[in-house]
Trainee: 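Take a look at the following structure, please.
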Number of protein chains: 2
Amino acid sequence: MCVVQRDEFQTAFWSTKRAMAEAAEAAFNQHGVRAGQQFILERLWETDGQTPGELAKALGLATPTVTRTATRMETAGLLHREAHPSDARLVRLCLTDRGRRLEKTLEQERRRLTERALRGLTDDEREQLVQLLETIRTNLGERK
Amino acid sequence: MCVVQRDEFQTAFWSTKRAMAEAAEAAFNQHGVRAGQQFILERLWETDGQTPGELAKALGLATPTVTRTATRMETAGLLHREAHPSDARLVRLCLTDRGRRLEKTLEQERRRLTERALRGLTDDEREQLVQLLETIRTNLGERK
DNA sequence: CGATGATTATTAGCCGGCTAACGTGAATCA
DNA sequence: TGATTCACGTTAGCCGGCTAATAATCATCG
C-alpha cells in the first residue's frame, strides 16, 4: 500500500545511511583517516591551500564543521594551517606529504566501497539511483 | 564514465542524506520533537513500555544511543522511565500523554516529509528506490 | 548458600553534522 | 583619518551515531 511504501522509504533510507557510514568508517580507518576527512582531502588534492570557507561552500557544509575536521586532520598529520599572504583573516589548509601520498590509496578505497555498495546493480540501475537521489535532494531543497 | 558515476553516487548519497536530515529536523521541530526521537516514538506507539535494549535491537541502533535519546525525551516530557516489575536490571520506557497525543500529528508530518522528498516520482520509481537502497544495505551488511 | 559469569542500563568520550556567539582583520564611508 | 560595518575563522555547545568501561542485577553452578 501507499502508506507502507512511505514507511519503507524512510526505514530503508536511514538504515542504508547507517550501513554506508559504518562501511566508510571501516574502509578509511585502515589508513588512519576518518570518514569525514575524505571530502576535504579530495578537494585539497585537486586544489591545495584552500580556506575553510571555500571548502565549506564547495562541500555544502557549515564552516565550523570544516574547521574542526581540519584541526583533527592537522593533529593526524594530514595537513597544516598556513597564513594567507594578503589577508590575515584567511587560513590556507595545505596538505602534508602524508596527506598527498594517500590520494591514490584512498581513491581506490572509495571506489571499492562504492563497488561493494552497488554490487549486482546494472549500469542503468546505478544511473537511475543517482538520478533518484538527486531528485530527492532537489525536492527537499526547494523552499516551497 | 564509470569512475565519474561512482563519484556521483557517493556525492549524491551524502548530500541527499544531509538534505533529508535537515528537512526531518525542521519538520519534527515544529512539534517539539527532535528527528532522532521519532523512531523510538513509533515503536512505543505500537508497544508501550519497551526497554532500551529491545528498542535498540528493533531499530538497529546501539543501546547507548537509545538510552541517551530516551533521557532527552524524558526531559522533553515525551516519556518516563518505570521500573520493570520482575527484573530490576530492566527499565521500561513509557509514553506520557503528550507522547501519545503526538502520534497522529507526527505520522502525518512524516508522510508529508516523504511525499515532499519523493515528489514527482512514480509508484514504480518509488518502489525501485526502496529496492535499490535495500540492495545497498544488504551488500554492505555482508561481511567480506 | 555463596561465588562466579552473563545481561542490562548507564556514563564517558569520539566523530560529524549544525547554530550562535566571539574576536580579529579588512573595507568602506563620513 | 577614523569609526563603522562586513567577512572570516574559531569556540562553545546541541543532536545523533558509535565503542569502551562501570555498576547493578540475575542466573547458574559448585
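Residue numbers start from 1 in every chain, and the chains themselves are labelled A, B, ... in the order their sequence lines are given, proteins ahead of strands.
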Trainee: Rounded off to whole Å, could you give me the CD-to-P distance for the A/Q37 and C/dC15 pair?
Mentor: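 That distance rounds to 8 Å.
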Trainee: Go through B/Q128 and A/Q128 one step at a time and tell me if the side-chain contact (heavy atoms from CB on, under 4.5 Å) criterion holds.
Mentor: CA-CA 9 Å; B/Q128 192 182 3; A/Q128 192 183 3; 2.6 Å; yes
Trainee: Start at the 5' end of DNA chain C and walk down; is the nucleotide closest to B/L90 or to A/R34 reached first?
Mentor: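 Whichever sits nearer the 5' end wins; that is B/L90.
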Trainee: In whole angstrom, give the distance that lies between atom CE of A/M20 and atom C1' of D/dG17.
Mentor: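 Computing the A/M20:CE to D/dG17:C1' distance gives 15 Å.
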Trainee: Atom CD1 of B/I40 and atom C1' of D/dG16: how far apart are they, to the nearest Å?
Mentor: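 Roughly 10 Å, once rounded to whole Å.
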Trainee: Output the single nucleotide from D/dC26, C/dG16, D/dG16 whose closest atom is nearest the side chain of B/D87.
Mentor: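 Minimum distance to the B/D87 side chain belongs to D/dC26.
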Trainee: Without decimals, in angstroms, what is the distance between A/E25 CD and C/dC15 P?
Mentor: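 Nearest whole value for this atom pair: 9 Å.
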Trainee: Do A/Q10 and B/T114 get their side chains close enough for a donor-acceptor pair, meaning under 3.5 Å?
Mentor: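 Per modelled atom types, A/Q10 and B/T114 side chains form a pair under 3.5 Å.
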Trainee: Please report the distance, rounded to the nearest Å, between NZ in B/K17 and P in D/dG16.
Mentor: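 Going from NZ in B/K17 over to P in D/dG16 covers 12 Å.
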Trainee: Would you say the side chain of B/R89 and the base of C/dT7 hold a donor-acceptor pair, judged only by whether the two atoms sit under 3.5 Å apart?
Mentor: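 When only heavy-atom distances are counted, B/R89 does reach the base of C/dT7 through a donor-acceptor pair under 3.5 Å.
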Trainee: Looking at CG of A/L140 and CZ of B/R18, how far apart are the two atoms once the value is rounded to the nearest 0.5 Å?
Mentor: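 Between atom CG of A/L140 and atom CZ of B/R18 there are 13.0 Å.
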Trainee: Are A/I136 and B/L129 close enough, and set up right, to give a side-chain contact (heavy atoms from CB on, under 4.5 Å), and what steps lead you there?
Mentor: CA-CA 11 Å; A/I136 294 172; B/L129 172 61; 3.7 Å; yes
Trainee: Whole angstroms only, please: what is the NE2-C1' distance between B/H84 and C/dT10?
Mentor: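 Whole-Å distance recorded here is 18 Å.
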Trainee: To the nearest angstrom, how far is A/N29 atom CG from C/dC14 atom P?
Mentor: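 Distance check: A/N29 CG to C/dC14 P gives 15 Å.
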Trainee: Hey, what do you get for CD (B/E134) to CG (B/N139), rounding to the nearest 0.5 Å?
Mentor: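 Between atom CD of B/E134 and atom CG of B/N139 there are 12.0 Å.
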Trainee: Testing A/L95, A/T96, A/L93, A/I40 one by one against A/M73 for a side-chain contact (heavy atoms from CB on, under 4.5 Å), which residue passes?
Mentor: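 Single pass found, and it is A/I40.
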Trainee: Are the side chain of B/E54 and the backbone of B/T51 linked by a donor-acceptor contact shorter than 3.5 Å?
Mentor: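 Yes; at least one donor-acceptor contact below 3.5 Å.
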Trainee: Check DNA chain D against residues 64-83 of chain B and give the residues with a non-hydrogen atom under 4.0 Å, in numerical order.
Mentor: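 B/P64, B/T65, B/R68, B/R72 - these, ordered by number, are the residues of the stretch whose heavy atoms sit under 4.0 Å from the strand.
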Trainee: Before giving the answer on side-chain hydrogen bond (donor to acceptor under 3.5 Å, both in side chains), spell out for B/R81 and B/T71 the whole-Å C-alpha distance, their side-chain angles and the decisive distance to 0.1 Å.
Mentor: CA-CA 9 Å; B/R81 285 173 158 85; B/T71 300; 3.2 Å; yes
Trainee: Which residues, if any, of residues 50-59 of chain B bring a heavy atom under 4.0 Å of DNA chain C?
Mentor: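 Contacts with DNA chain C under 4.0 Å: B/T51, B/P52, B/G53.
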Trainee: I need the CD-P distance between B/E22 and D/dG16, as an integer number of Å.
Mentor: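 Answer to the nearest Å: 15 Å.
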Trainee: Under 4.0 Å, heavy atoms only, any strand: does A/A35 hit a base, just the sugar-phosphate, or nothing?
Mentor: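 Sugar-phosphate contact only.
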Trainee: Indicate whether any N or O donor in one side chain lies under 3.5 Å from an N or O acceptor in the other, for B/R119 and A/T135.
Mentor: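 Side-chain D/A pair, B/R119 to A/T135: absent.
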